[in-house]
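What you are looking at is a predicted structure, and each value in this text was computed from that prediction instead of being measured.
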Amino acid sequence: MTILLESVPPGNATAAAGAASATAATRKAEFVLTLSCPDKPGIVRAVTTFLADRGFDIVEHQQFDDHVSGNLYLRTAFTAGAPADTDVPDTVEVLTEAFQPIGEDFGMNFTIHDGRPQRLLVMVSKFGHCLNDLIFRWQAGSLGAEIAVVVSNHETLRPMAEAAGLTFIHVPVTAETKPEAEARLLELVEEYDADLVVLARYMQVLSNELCGNLRGRAINIHHSFLPGFKGAKPYHQAYDRGVKLVGATAHYVTADLDEGPIIEQEVFRVDHSLDADALVTVGRDAETQALARAVKWHCQHRVLLNKTRTVVFR
């Protein structure tokens with residue numbers, strides 16, 4: 001992570017360190033509860049009562065009642081009512097255990113998350129626009145996550161990653177070495193404690209086994225012409241057909257190629273004045289924006305899976 005430091009006069013160094021320590025001491029513990037369950041009366045009351053009884057402050061609450069499936073989806077962000085210190089016993093494990101009886105009563109599928117930034121393993125091939133955008137947002141502090149490592153089947157983007165101070169690991173892939181390459185990827189996910197795998201224009205199809213292993217924690221980005229314009233040079237195909245809309249889709253990775261639950265889409269209107277190369281440029285802008293929003297929302301625990309769809313609390 002890039003940290004900007006202000007110059008501190010020698011005489012004020014101790015005071016600055018003390019101020020930083022005081023800030024850390026007054027920072028409140030942050031948590032997010034996400035859940036889904038059959039909709040019935042009393043769910044919100046049970047959640048808010050649980051938090052109030054333990055002295056938590058609710059800072060954000062969103063819910064969605066899906067009348068088609070009959071399920072309720074909920075996201076509640078809350079903080080400790082008192083400054084966090086070593087005497088505060090509240091942890092994800094403690095809160096999860098305490099909330100378990102409520103979860104069982106309502107048939108909830110729930111998770112409690114702490115405020116730790118999510119760690120990303122970013123996969124790329126030769127196209128660098130999505131990686132470049134993620135690096136910029138990460139360095140600016142607007143991504144809502146930390147890039148832990150960059151993995152690629154080509155060496156092309158090593159300079160970009162290493163210039164940002166990121167570890168770049170080359171894992172070549174051929175038809176014969178694909179199983180070994182995917183096994184290596186899972187090792188890297190474990191080694192770098194990655195919470196999310198981001199396919200930032202990684203031009204390899206993942207096996208069904210790997211997709212299953214990474215279910216709900218791998219995001220892909222592609223142009224939104226699918227399934228209309230497949231294969232090489234989709235933007236040139238789109239130009240030949242005179243398309244009027246160019247877009248991109250960010251979705252969770254599944255064994256059904258490019259058909260996973262959609263998290264975010266971006267679209268731009270275009271016209272006859274743009275040639276094929278201009279459409280490529282517009283498409284890249286759409287891809288970077290859709291991917292960045294999908295990654296940020298996932299890392300803020302705003303995306304809940306609803307079978308083949310998603311519920312996104314923006």
> After noting the C-alpha distance and the side-chain angles of S36 and N71, does the key distance pass the side-chain hydrogen bond (donor to acceptor under 3.5 Å, both in side chains) rule?
Replying inline: CA-CA 7 Å; S36 62; N71 289 333; over 6 Å; no
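- Under a cut-off of 6.0 angstrom, the local environment of CD in E97 is sparse, with at most 12 non-hydrogen atoms contributed by other residues, nucleotides or ligands.
- Between N220 and H222, some side-chain heavy-atom pair lies under the 4.5 Å cut-off.
- For P261, the side-chain contact (heavy atoms from CB on, under 4.5 Å) partners at least two apart in sequence or on another chain are Y252, T254, L305, T310.
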> Going through the distances and angles, do R302 and E60 end up as a salt bridge (Lys or Arg N to Asp or Glu O under 4.0 Å)?
Replying inline: CA-CA 11 Å; R302 296 182 180 275; E60 186 177 353; 2.8 Å; yes
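- A donor-acceptor contact shorter than 3.5 Å is absent between the side chain of N306 and the backbone of R309.
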> When you look at T111 and T34, which way does the side-chain hydrogen bond (donor to acceptor under 3.5 Å, both in side chains) test go after all the steps?
Replying inline: CA-CA 5 Å; T111 306; T34 58; 4.6 Å; no
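- In this structure a side-chain-to-backbone donor-acceptor pair under 3.5 Å is present from R217 to N213.
- Cluster membership for V150 and V295, using ILVMFWY side-chain heavy atoms within less than 4.5 angstrom, is shared.
- In this structure, the separation between OG on S224 and CD on E266 is 9.5 Å, given to the nearest 0.5 Å.
- Proximity of V171 to L188: side-chain heavy atoms (C-beta onward) are separated by under 4.5 Å at one or more points.
- Taking the ring axis of F127 as reference, the NZ or CZ atom of R201 stays within 45° of it and closer than 6.0 Å to the ring centre.
- A donor-acceptor contact under 3.5 angstrom links the side chains of Q265 and T249, judged on distance only.
- Residues F31 and L95 are in side-chain contact: their nearest non-hydrogen atoms beyond the backbone lie under 4.5 Å apart.
- From W138, atom CH2 reaches atom CG of D133 across 14.0 Å, with rounding to the nearest 0.5 Å.
- In this structure, F313 places its CZ atom where more than 12 heavy-atom neighbours from other residues, nucleotides or ligands lie under 6.0 Å away.
- Put simply, CD1 on I147 and CG on L166 are 5.5 Å apart, with the number rounded to the nearest 0.5 Å.
- At a threshold of 4.5 Å between non-hydrogen side-chain atoms, the residues F64 and L304 do not count as touching.
- Aromatic ring pairs are classed by plane angle as parallel below 30°, tilted from 30° to 60° and perpendicular above 60°; the pair H113 and H301 is parallel.
- Taking CD1 of I102 as the reference point, atom OG1 of T49 lies at 8.0 Å (rounded to 0.5 Å).
- Residue R137 holds its CZ atom at 9.0 Å from CG of L291, rounded to the nearest 0.5 Å.
- Counting heavy atoms from C-beta outward, L196 and H298 have side chains that approach closer than 4.5 Å.
- Placement of V205 and V253 in two distinct hydrophobic clusters is found when ILVMFWY residues are connected by side-chain heavy-atom separations under 4.5 Å, directly or transitively.
- The 12-atom threshold is exceeded at CZ of R116, counting heavy atoms of other residues, nucleotides or ligands nearer than 6.0 Å.
- With hydrogens and angles disregarded, no donor-acceptor distance shorter than 3.5 Å links the side chain of T177 to the backbone of E180.
- Side-chain contact between L72 and Q63: present, with at least one pair of heavy atoms (C-beta onward) separated by less than 4.5 Å.
- Inter-residue side-chain proximity for V124 and Y202 is flagged as unmet; no heavy-atom pair is nearer than 4.5 Å.
- Side-chain contact between L214 and L186 is present, with heavy atoms from C-beta onward closer than 4.5 Å.
- In this structure, CD in Q204 is found 10.0 Å from CG in L199, a value given to the nearest 0.5 Å.
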> Could you go step by step and tell me if E30 and T79 meet the side-chain hydrogen bond (donor to acceptor under 3.5 Å, both in side chains) rule?
Replying inline: CA-CA 5 Å; E30 301 175 350; T79 62; over 6 Å; no
> Can you check side-chain hydrogen bond (donor to acceptor under 3.5 Å, both in side chains) on E287 and H129, steps first, answer last?
Replying inline: CA-CA 9 Å; E287 290 170 5; H129 55 286; 2.6 Å; yes
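- Atom CD of E190 has 12 or fewer neighbouring heavy atoms from other residues, nucleotides or ligands inside a 6.0 Å radius.
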